[in-house]
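What follows is one structure encoded as structure tokens, with my remarks underneath.
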Number of protein chains: 2
Amino acid sequence: MTAGAQSPRARYREQTRAEIKDIALRQLAEGGTAAVALTRIAKEVGLSGPALYRYFDSRDALLTDLIRDAYADLAAAVGRAAGALDESRPRARLHALAGACRSWAVAQPHRYLLIQGTPVPGYTAPPDTLDSARAVLGPFLPAFAAAEPSESVRPMVAQMTEWAAKDPVVAEWARAHVPAGAEGAALAGGVLGWTSLHGAVGLEVSGQFEGMGHTGDTLLAAQIDALADSFGLD
Amino acid sequence: MTAGAQSPRARYREQTRAEIKDIALRQLAEGGTAAVALTRIAKEVGLSGPALYRYFDSRDALLTDLIRDAYADLAAAVGRAAGALDESRPRARLHALAGACRSWAVAQPHRYLLIQGTPVPGYTAPPDTLDSARAVLGPFLPAFAAAEPSESVRPMVAQMTEWAAKDPVVAEWARAHVPAGAEGAALAGGVLGWTSLHGAVGLEVSGQFEGMGHTGDTLLAAQIDALADSFGLD
DNA sequence: TCGCAACAGTTAGAGACTGTAACTCTTTCG
DNA sequence: CGAAAGAGTTACAGTCTCTAACTGTTGCGA
């Protein structure tokens with residue numbers, strides 16, 4: 001996409017940007033967001049300090065780029081998993097998609113924490129991460145096409161139905177994944193699914209279950225099954 | 001506890017420590033962990049830079065202290081909520097306790113994020129936070145005394161039963177809150193409850209549901225009800 | 001083919017921060 | 001009352017972000 005090789009200069013520029021990001025990702029993995037330091041990256045690339053500002057406006061811009069990439073990457077992983085799915089088994093679909101998210105996160109915890117971790121109060125995410133977030137969540141929605149929400153989640157479904165009625169953009173997005181009339185349930189399922197996923201994967205990835213006698217996949221499976229139960233899914 | 005006033009010097013020392021922590025908390029609220037800076041605190045206290053190192057060994061030590069306080073505070077809030085509870089209604093118990101956690105977190109998001117947010121790779125929490133974590137989670141366990149786990153959570157219960165069999169400390173802890181034989185279900189309930197709570201509250205507090213058409217309490221209630229359903233609680 | 005604008009890189013340096021060293025003054029206490 | 005412990009100071013080393021001002025190099029249009 002966006003044309004591979006333009007001028008040789010532009011190509012070299014892209015290459016350097018990529019190298020910078022690679023090193024930044026390594027620093028991120030080694031010491032978290034705080035450990036990403038332009039000066040050290042520069043030293044490693046063989047440039048001297050301020051030269052990096054030719055490639056990224058600021059340290060924040062670099063991190064933003066990493067966030068964008070991670071979101072897109074996760075969305076792609078989920079999309080790939082959604083490709084080979086049997087439409088008729090909603091519960092299995094949820095397990096497969098949630099499992100794909102978890103696998104992605106466990107394989108590269110630092111990147112998951114980057115997009116899902118504690119936000120810096122001042123920082124606002126780039127608007128296109130919202131698109132990516134929708135791309136991640138979208139494939140979950142069809143699972144709720146024939147949902148029969150239980151008492152427990154009905155208030156949630158009601159609020160989401162109302163939301164869809166007010167916000168045409170969201171309504172349209174829901175309708176792209178689910179037959180008319182099921183928007184409320186689908187949105188509720190999406191939000192609750194995202195919540196369960198965030199809970200299980202977030203705790204696993206941040207190591208808070210270290211030394212406890214359960215495995216991450218069992219925990220996630222239990223959460224997803226409970227969700228499926230709440231919506232009466234097969 | 002630990003004797004209020006000893007020498008006047010010790011008292012003054014405690015007072016200064018408290019003042020430092022207060023300012024640190026304000027900085028935390030304003031700009032997240034990264035915004036807590038000893039030099040700026042010193043300026044505000046009226047001391048000059050290095051003087052703060054008389055009170056805290058390092059910036060990390062200060063943050064650790066804040067974490068310890070926050071944990072203890074949350075545990076206290078949950079303990080208080082657990083005080084006035086009807087033993088016979090497990091589902092209501094879960095809602096009350098989870099609601100107490102959420103209220104605490106929503107009232108002071110920065111402190112919740114401090115203890116529950118992204119960990120710094122190098123950092124290891126002080127061991128007594130584990131006690132506090134148990135103090136937070138303990139009151140949830142009695143709700144699962146008469147649980148009848150559904151298919152969905154049974155693998156989880158099995159793993160936790162096995163864990164209790166292997167780790168006598170954990171088994172004893174569970175038995176302090178629940179009759180013999182229910183340890184597995186109680187531990188599973190605790191872990192799943194913590195997961196649901198973390199998912200719902202974490203997303204709410206970090207503002208990721210901004211502009212979505214649901215409220216934090218409805219989301220949490222749905223999660224907790226689903227959990228209660230999974231364990232066949234009244 | 002030449003010339004110049006855009007680009008890539010440099011050094012110097014300001015300003016914020018953490019943390020150490022060495023030193024002075026004050027309190028406490030035996 | 002005198003010495004040790006404590007509270008504070010300045011000076012400084014080192015890391016980091018980012019700006020300013022300057023130099024060399026590319027590439028493209030006339």
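Atoms considered below: every heavy atom in the structure, side chains included; atoms not considered: hydrogens, waters and symmetry mates. To find a chain, count down the sequence lines: A is the first, B the second, and so on, and within it residues start at 1.
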Is the shortest side-chain N/O distance from Ser48(B) to OP1 or OP2 of dT10(D) below 4.0 Å?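 So the side-chain polar atoms of Ser48(B) do come within 4.0 Å of the phosphate oxygens OP1 or OP2 of dT10(D), strictly under.
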Look at the side-chain N and O atoms of Arg13(A) and state whether any lies under 4.0 Å from the OP1 or OP2 oxygen of dA8(C).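 Checking Arg13(A) against dA8(C): at least one side-chain N or O falls below 4.0 Å of OP1 or OP2.
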Does any N or O in the side chain of [X] come within less than 3.5 Å of the main-chain N or O of [Y], such that one atom is a donor and the other an acceptor?
X         : Y         : result
Thr118(A) : Thr118(B) : yes
Arg80(A)  : Ala100(A) : no
Arg54(A)  : Arg13(A)  : no
Glu30(A)  : Ala35(A)  : no
Thr129(B) : Ser132(B) : no

With the threshold set at under 4.0 Å for non-hydrogen atoms, list the residues of residues 49-63 of chain B touching DNA chain C in residue-number order.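 Hits under 4.0 Å, by residue number: Pro50(B), Tyr53(B), Ser58(B), Arg59(B).
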DNA chain C contacts among residues 33-43 of chain B, heavy-atom distance under 4.0 Å: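 DNA chain C contact set from residues 33-43 of chain B: Val36(B), Ala37(B), Leu38(B), Thr39(B), Arg40(B).
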Report the distance from atom [atom1] of [X] to atom [atom2] of [N], rounded to the nearest whole Å.
X        : N       : atom1 : atom2 : value
Ile20(B) : dA7(D)  : CD1   : C1'   : 12 Å
Arg9(B)  : dT28(C) : CZ    : P     : 6 Å
Arg11(B) : dG6(D)  : CZ    : C1'   : 17 Å
Tyr12(B) : dT28(C) : OH    : C1'   : 16 Å
Glu19(A) : dG9(C)  : CD    : P     : 11 Å

Does atom CD (Glu44(B)) have a neighbourhood of more than 12 heavy atoms from anything else shown, all under 6.0 Å?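 Enclosed: over 12 neighbouring heavy atoms sit under 6.0 Å from CD of Glu44(B).
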Within-4.5 Å side-chain heavy-atom neighbours: Phe144(B) and Glu183(B):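 They are not in side-chain contact.
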Parallel, tilted or perpendicular: which describes the rings of His198(B) and His198(A), with under 30° parallel and over 60° perpendicular?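 It falls in the parallel class, under 30°.
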